[in-house]
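Have a look at the structure below before the remarks.
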Amino acid sequence: MSKHLDEARRILAVNDRGGYTVPTDRLYPFQWNWDSAFVAMGFSLYDVDRAYRELERLAEGQWADGMIPHIVFHQPSDTYFPGANVWRTRHSVPTSGITQPPVFAIALRKVHEAAGPAEARTPPLYEAALKWHRWWYSARDPKGTGLVALLHPWESGSDNSPAWDLALARVPTTTETAVARKDTGHVNAEMRPRDEDYRRFIHLVDTYAACDWEPARQWEKAPFKVAEVQTTAILLKAGEDLEHLARLLGRQDDAAEIAALNALSRKALLAQWRPEFSRFVSRDLISGEDVAAPTQAGFIPLLSLDLEEEIAGALVNEMKAWSKGVKVAFPTTKPGIESFEPKRYWRGPAWAIINWLLIDGLKRNGQTDLAEELRKSTIDAIETEGFAEYFDPTTGEGCGGLGFSWTAAAYLWLIRQ
Ligand code: DGY
């Protein structure tokens with residue numbers, strides 16, 4: 001085994017806290033939702049039992065209404081803010097009160113396929129995924145538009161993306177909870193969201209805790225509400241995989257229900273294509289306006305749509321224009337614009353898991369050359385700089401947390417293709 005493969009597996013082993021994997025030590029000391037789904041896909045390549053375990057431990061955090069929270073606090077740690085006490089939720093295992101991109105069913109299908117058809121551990125996880133997808137459509141798209149909305153930037157996984165700048169600016173900076181950040185004690189503050197962002201993030205937590213985390217009340221009170229294309233695209237891909245599993249498991253009624261939701265989201269996503277930007281755009285449900293900020297989210301629909309050649313060609317040209325002259329693709333904000341900050345978390349850096357989604361989407365749409373370029377660029381960045389949380393696209397420097405689980409999982413996945 002190559003030394004990098006060996007190192008990727010070692011990182012997943014070191015970040016194991018008992019059947020679940022922390023994203024990295026200290027900076028993220030609990031189980032994170034979409035991180036774990038990527039990690040499960042990594043494990044599925046060499047340890048199927050451990051891959052199932054990752055998803056099973058995440059499902060322990062699932063709420064009665066179906067939501068799978070973005071953090072499950074299996075054991076206490078004082079190296080992270082906001083911890084369980086700030087969230088004030090009531091689940092038996094302490095959890096946060098918001099969710100994260102639904103990669104779970106995408107992972108479940110891969111784990112199931114690695115395990116073989118008779119695997120008895122799939123059906124309970126399938127049920128968990130189905131409940132969660134129903135929650136997305138009822139709690140986060142109550143009007144049945146097909147696009148699901150986020151009530152907190154953390155739900156996107158792209159916390160401080162320029163995509164949220166206008167919508168977040170409307171959220172007050174006042175908080176009931178004292179904001180006592182720990183992240184900037186672990187990594188350089190220049191690589192993290194700003195203090196003002198954190199005050200707004202915590203204002204939202206306080207607001208939803210006051211709604212008792214009840215989805216209808218939150219929907220009504222939310223000062224931040226964005227119908228989002230990246231999340232919907234991931235939900236649709238996960239929905240396709242869930243529909244596939246439903247048929248395998250002989251759940252024909254479920255399959256029909258999921259297929260109808262998928263069709264709704266497919267149509268809604270396509271309607272978000274904006275030829276003038278050569279991207280898909282999210283919609284700010286409070287202002288009623290398109291989110292025009294140029295971020296990676298606009299390309300993620302490649303993952304779950306079979307696009308006409310004209311649209312796929314325009315997306316690819318735009319992606320190439322963004323990647324021109326960068327050392328590591330794919331920048332999460334268009335280089336050269338004012339909000340592009342190549343080291344600051346989701347305001348420019350390249351992330352291996354975003355590249356993974358884009359590579360799958362490019363392949364789905366027959367864009368194999370760009371997919372291969374992006375795959376090589378991701379592998380090169382990791383082999384040069386190590387398993388960093390993300391990479392500065394202009395210099396290639398590994399940034400944020402080190403020994404990062406999802407970067408290791410992405411490497412394991414991308415190197416074998
Ligand atoms: C953080 O704390 O930075 C996380 O991304 C929130 O989920």
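Whatever order the structure lists ligands and atoms in, that order sets their numbers, starting from 1.
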Next item on the list: Carefully, step by step, assess Thr79 and Ser77 under the rule side chain to side chain donor-acceptor pair (under 3.5 Å).
Entry: CA-CA 6 Å; Thr79 67; Ser77 164; 3.1 Å; yes
Margin query: I'd like to check the side chain to side chain contact (heavy atoms under 4.5 Å, CB included) partners of Pro172; sequence neighbours left out, ordered by chain and number.
Written below: Thr174, His203
Notebook entry, point to check: Do the charged groups of Arg134 and Glu257 touch, with an N to O distance under 4.0 Å?
Noted result: yes
Check: Residues two or more places apart in sequence or in another chain: which of them pass side chain to side chain contact (heavy atoms under 4.5 Å, CB included) with Asp195?
Finding: Arg181, Arg199
Check: If you count only heavy atoms, which residues are under 4.0 Å from ligand 1?
Finding: Tyr28, Trp32, His70, Tyr80, Trp154, Asp159, Arg192, Tyr198, Tyr345
Margin query: Which residues pass the side chain to side chain contact (heavy atoms under 4.5 Å, CB included) test with Ala238, not counting sequence neighbours?
Written below: Ala105, Ile106, His133
Notebook entry, point to check: Is the gap between the ring centers of Tyr345 and Trp351 under 6.0 Å?
Noted result: yes
